[in-house]
Number of protein chains: 2
Amino acid sequence: MKIESRLQSAGLRATPKRIAIGGLLFDGCDRHVTADDVSILARESGIRVSLATVYNTLNQFVSAGLMKRITLDTDRTYFDTNVSEHHHLFFEENGVLHDIPGHSIRVEGLPEAPNGAKVRSVEVIVRMTGDKQ
Amino acid sequence: MKIESRLQSAGLRATPKRIAIGGLLFDGCDRHVTADDVSILARESGIRVSLATVYNTLNQFVSAGLMKRITLDTDRTYFDTNVSEHHHLFFEENGVLHDIPGHSIRVEGLPEAPNGAKVRSVEVIVRMTGDKQ
DNA sequence: GTGTTTGCAAAGTGTTTGCAATTTA
DNA sequence: TAAATTGCAAACACTTTGCAAACAC
């Protein structure tokens with residue numbers, strides 16, 4: 001789908017920076033990026049965009065359901081273009097992150113949600129050591 | 001076990017601040033605390049300790065294997081007195097965290113560790129909405 | 001006595017925000 | 001033209017660090 005339409009169906013105006021950043025990220029691959037990654041990626045592609053705008057844009061993409069925020073590490077936030085239910089394999093040594101498809105893992109024995117509460121997500125994080133990625 | 005001996009068996013000198021902070025945390029209950037929680041807890045108990053020392057002490061406890069660091073949220077680090085293998089139920093609205101015993105959950109279908117890599121941990125995080133705790 | 005610990009203030013890092021200028025519908 | 005977006009710099013929150021004084025062994 002064209003970036004512009006994708007933004008619009010998600011309720012976001014198709015502005016130049018959103019189109020540019022979206023163009024870098026929504027290319028069909030599953031991408032795990034930090035704001036800094038995007039900033040560098042943009043610069044390398046000749047796109048001028050401030051870091052603040054990168055943050056704002058990524059946050060808007062998350063709110064609009066175009067990306068997922070992943071917390072693995074206190075000092076950087078990963079943004080994931082794969083918004084389907086899935087899990088993560090994280091190599092702590094080098095920060096490399098791989099997806100584990102949601103359907104390949106089964107979690108059994110989850111506790112019941114207390115009354116009034118709802119399960120928002122079940123995430124499995126497999127942390128690895130050793131720098132093979 | 002006495003705090004002093006516990007610190008010493010973990011290879012830490014039994015200094016006043018470590019004894020004081022350890023005394024607040026290692027009371028047999030499973031506790032999830034942030035550095036700020038500990039700082040407040042200490043003040044309430046009449047223990048004078050700087051926030052820097054709270055951070056240093058918690059990090060030393062983690063390195064010594066007396067606590068576990070839990071990452072759920074980019075902007076605060078939780079420290080857990082439960083060092084056994086277990087999982088977490090996290091109420092995002094109010095930051096409340098509950099343990100799920102490791103043996104009650106089974107994760108099936110985990111991918112193989114690539115050669116040279118080793119699984120350090122498998123964490124399941126169940127995120128809840130709704131402010132029932 | 002020697003090396004570790006502690007507190008303070010300062011530095012550091014990743015992220016958000018206020019505001020003026022610009023752009024979009 | 002009214003409302004949203006963008007960039008910049010400043011603000012922010014959490015965490016770590018450098019250094020001098022105090023302390024443990």
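Keep in mind it's a predicted model, so treat the numbers as computed, not measured.
When the P atom of C/dG7 is taken as reference, atom CD1 of B/Ile47 falls 11 Å away, rounded to whole Å. Atom P of nucleotide C/dT17 and atom CG of A/Leu51 are separated by 14 Å, given to the nearest angstrom. For the pair B/Phe61 CZ and D/dT15 P, the computed distance is 17 Å after rounding to whole Å. Taking atom CG of A/Asp36 as the reference point, atom P of C/dT13 lies 12 Å away to the nearest angstrom. Between B/Leu7 atom CG and C/dT4 atom C1' the separation is 14 Å, expressed in whole Å. A straight line from OH of B/Tyr55 to C1' of C/dT13 spans 13 Å, rounded to a whole angstrom.
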Dot-bracket encoding of pairs in DNA chain D, which uses [ ] for pseudoknotted crossings and | for another strand, Watson-Crick or G-U under 3.5 angstrom: |||||||||||||||||||||||||
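With sequence neighbours left out, B/Ser121 forms a side-chain contact (heavy atoms from CB on, under 4.5 Å) with A/Arg127, B/Glu123. Residues satisfying the salt bridge (charged side-chain N to carboxylate O under 4.0 Å, His left out) test with B/Arg76, not counting sequence neighbours, are B/Asp73. Take B/Lys118 and apply the side-chain contact (heavy atoms from CB on, under 4.5 Å) test, not counting sequence neighbours, and it matches A/Thr129. For B/Asp30, there are no salt bridge (charged side-chain N to carboxylate O under 4.0 Å, His left out) partners two or more places apart in sequence or in a different chain. For the side-chain contact (heavy atoms from CB on, under 4.5 Å) test, residues two or more places apart in sequence or in another chain that qualify with A/Thr74 are B/Thr71, B/Thr77. Scanning for side-chain contact (heavy atoms from CB on, under 4.5 Å) contacts around B/Glu4 gives B/Lys2, B/Ala14, B/Ile19, with sequence neighbours left out.
Taking 4.0 angstrom as the limit, B/Asn59 places none of its side-chain polar atoms (N or O) nearer than this to OP1 or OP2 of D/dT15.
Follow the hydrophobic side-chain contacts under 4.5 Å out from A/Leu89 and you reach A/Val122 in the same cluster.
Paired with B/Asp80 under the rule side-chain hydrogen bond (donor to acceptor under 3.5 Å, both in side chains), one option of B/Arg69, B/His86, B/Lys68 passes, and it is B/His86.
As a member of the Ile/Leu/Val/Met/Phe/Trp/Tyr network built from side-chain separations under 4.5 Å, B/Tyr78 groups with A/Ile70, A/Leu72, A/Tyr78, A/Phe90, A/Leu97, A/Ile125, B/Ile70, B/Leu72, B/Phe90, B/Leu97, B/Ile125.
Under the side chain to side chain donor-acceptor pair (under 3.5 Å) criterion, the residue pairs touching residues 15-24 of chain A are A/Arg18-A/Gln60, with sequence neighbours excluded.
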For nucleotides 2-11 of chain D, 5' to 3', base contacts (B), sugar-phosphate-only contacts (S) and non-contacts (-) with protein non-hydrogen atoms under 4.0 Å give --SSSBBB--
Can you list, pair by pair, the side-chain donor-acceptor contacts under 3.5 Å of residues 40-50 of chain A, counting residues two or more places apart and other chains?
unit_1: A/Arg43; atom_1: NH2; unit_2: A/Ser39; atom_2: OG; d: 3.4
unit_1: A/Ser45; atom_1: OG; unit_2: A/Leu41; atom_2: O; d: 2.7
unit_1: A/Ser50; atom_1: OG; unit_2: A/Thr53; atom_2: N; d: 3.1
unit_1: A/Ser50; atom_1: OG; unit_2: A/Thr53; atom_2: OG1; d: 3.0

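Contacts of residues 75-83 of chain B with DNA chain D (heavy atom under 4.0 Å): B/Asp75, B/Arg76, B/Thr77.
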